Amino acid sequence: MTNTLRIGSKGPDVRKLQETLNATLLLNPLLKVDGDFGRATDEAVKRFQAENGLGIDGIVGPKTGNALSLYSTNPRSATKQSPKPLVVSPVAGLTNNWMKIANKEKGQAEFKGKNHNPVIIKYHASTTLKAKADETPWCSSFVNWVMKQAKIQGTNSAAAASWLTWGEKCSAKSGAITIIRDAKAANSSLTRSGNHVGFLVRETATHYELLGGNQSNMVRVSLFPKSSWTLKGYRWPKIAEEAV
């Protein structure tokens, strides 16, 4: 990729970029390969930059382009040549069932206006709160629903902090239920308490990369900067809890 690409760019270089990102990122962003560099492609580029220890600006310049080029011909075998990721604790591949379930829900989003997404209401139904509005913070509802589909008992609580005493402590690894907090985020559309919960994709030196619900009002993978967000805990199910 010789041209600098950013939001608004179009053409065959963008199509190649989208194909490479779909084949390379730990969780497939499922980008539409249409040659149009929009918001979804921008977010995927930022994830690639975070996973590879690059400056996170969403712009595919020489440095990011060179890193991507190592993956373009054989994405999954380019690890030894690619820039060393700034991973604090290495994560495993997608070896747990709940991450596969959660990944299939990507794209579910709140409805604008008076109507509510029935899928999000379904997530809420997995908690004792059983909220009827998709504007009610639903990160914990999503995690509870996913674990229920995986036949694992969750917390049944709509509170993100409820996961701090669930299961057992673990290190950073793919699929770990991750509780983070940013006091400044309290009373926002993301969280009322400042706490947030999601599934860990990867932890880098600067970010937590989570797959979760109510992230920009939808199910998606998002980057949470450590400059703002504090880790409260990583949790993993106990064997005894692996039955609903």
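We use all heavy atoms of the structure for the numbers below, so side chains are in, but hydrogens, waters and symmetry mates are not. Note that the structure is a prediction, hence the values are computed from the model and not measured.
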Review point. Which heavy atom of Ala172 sits nearest a heavy atom of Glu203, and at what distance?
Key: CB-OE1, 3.4 Å
Practice item. Without swapping roles, check the side chain of Asn22 against the backbone of Leu31 for a donor-acceptor pair under 3.5 Å. Key: yes
Check your understanding: Taking the side chain from Arg202 and the backbone from His207, do they hold a donor-acceptor pair closer than 3.5 Å?
Key -> no
Review point. Under 3.5 Å, is there a donor-acceptor pair linking the side chains of Thr204 and Glu209?
Key: no
Check your understanding: Leu25 and Leu223: same hydrophobic cluster, using ILVMFWY side-chain contacts below 4.5 Å?
Key -> no
Check your understanding: If you measure only the distance, is there a donor-acceptor pair under 3.5 Å linking the side chains of Asn66 and Lys63?
Key -> no
Check your understanding: Same cluster or not: are Phe142 and Leu30 linked, directly or through other Ile, Leu, Val, Met, Phe, Trp or Tyr residues, by side-chain heavy atoms under 4.5 angstrom apart?
Key -> no
**Study point:** Hydrophobic cluster membership, Met218 vs Val146, 4.5 Å side-chain cutoff
**Key:** no
Review point. Taking all atoms of both residues into account, what is the closest heavy-atom pair of Phe199 and Ile177, and its distance?
Key: CE2-CG1, 3.8 Å
Review point. How about Trp163 and Lys232: do any of their side-chain heavy atoms sit closer than 4.5 Å?
Key: no
Exercise for review: Measure the spacing between CE of Met147 and CG of Asn97 and express it to the nearest 0.5 Å.
Suggested key: 9.5 Å
Review point. Donor-acceptor pair, Arg235 side chain versus Ile179 backbone, under 3.5 Å?
Key: no
Point to revise | His116 side-chain N/O to Asp134 backbone N/O, donor-acceptor pair under 3.5 Å | key: yes
Study note, to complete from the structure: All heavy atoms of Val119 vs all of Glu105, minimum pair found to be CG1-OE1, 3.9 Å
Practice item. Check whether more than 12 heavy atoms from other residues, nucleotides or ligands sit under 6.0 Å from atom NZ of Lys32, and answer yes or no. Key: no
Check your understanding: Are side-chain heavy atoms of Pro118 and Phe111 found at a separation under 4.5 Å?
Key -> yes
Practice item. Take the angle between the ring planes of Tyr123 and Trp145 and call it parallel below 30°, perpendicular above 60°, tilted in between. Key: tilted
**Study point:** Nearest non-hydrogen partners of Val33 and Gln18, listed with the distance
**Key:** CA-OE1, 3.4 Å
Review point. Measuring from Glu19:CD to Thr24:OG1, what's the distance to the nearest 0.5 Å?
Key: 11.0 Å
Point to revise | Spatial distance of atom CG (Asp36) from atom OG1 (Thr41) [nearest 0.5 Å] | key: 7.5 Å
Review point. Is a side-chain N or O of Trp166 found less than 3.5 angstrom from the main chain of Gln153, in a donor-acceptor match?
Key: yes
Review point. Which heavy atom of Trp98 sits nearest a heavy atom of Ala150, and at what distance?
Key: CB-CB, 4.0 Å
Review point. Should we count NZ of Lys104 as having more than 12 external heavy atoms under 6.0 Å?
Key: no
Check your understanding: Nearest 0.5 Å, what's the CD-CH2 distance between Glu110 and Trp138?
Key -> 6.0 Å
Revision key, fill the gap. To the nearest 0.5 Å, atom NZ of Lys173 lies from atom OG1 of Thr178 at 11.5 Å
Review point. When clusters are formed by joining ILVMFWY residues with side-chain heavy atoms under 4.5 Å apart, either directly or through shared neighbours, do Leu231 and Trp229 land in the same one?
Key: yes
Point to revise | pair Leu5-Ile59: side-chain heavy atoms closer than 4.5 Å | key: no
Point to revise | Cluster link Ile56 to Leu54, ILVMFWY, side chain under 4.5 Å | key: no
Point to revise | Glu43 and Arg39 ion-paired at < 4.0 Å | key: yes
Point to revise | Short side-chain to backbone donor-acceptor contact, Ser162 and Ala159, under 3.5 Å | key: yes
Review point. Donor-acceptor pair, Thr191 side chain versus His196 backbone, under 3.5 Å?
Key: no
Practice item. Enter the distance from Ile180:CD1 to Tyr208:OH here, rounded to the nearest 0.5 Å. Key: 7.5 Å
Practice item. Could you tell me whether a side-chain N or O of His124 sits under 3.5 Å from a main-chain N or O of Leu129, the two making a donor and an acceptor? Key: no
Review point. Which pair of non-hydrogen atoms, one from Val201 and one from Met99, has the smallest distance, and what is that distance?
Key: CG2-CE, 4.2 Å
Check your understanding: Do Phe37 and Val45 have side-chain heavy atoms sitting under 4.5 Å apart?
Key -> yes
Check your understanding: Side chains of Asn52 and Thr64: closer than 4.5 Å at any heavy-atom pair?
Key -> no
**Study point:** Check: Arg6 main-chain N/O paired with Ser9 side-chain donor or acceptor under 3.5 Å
**Key:** yes
Review point. Run the side chain to side chain contact (heavy atoms under 4.5 Å, CB included) check on Thr230 and Asp182 step by step: do they pass?
Key: CA-CA 6 Å; Thr230 301; Asp182 179 1; over 6 Å; no
**Study point:** Main-chain N/O of Thr155 paired with Asn144 side-chain donor or acceptor, under 3.5 Å
**Key:** yes
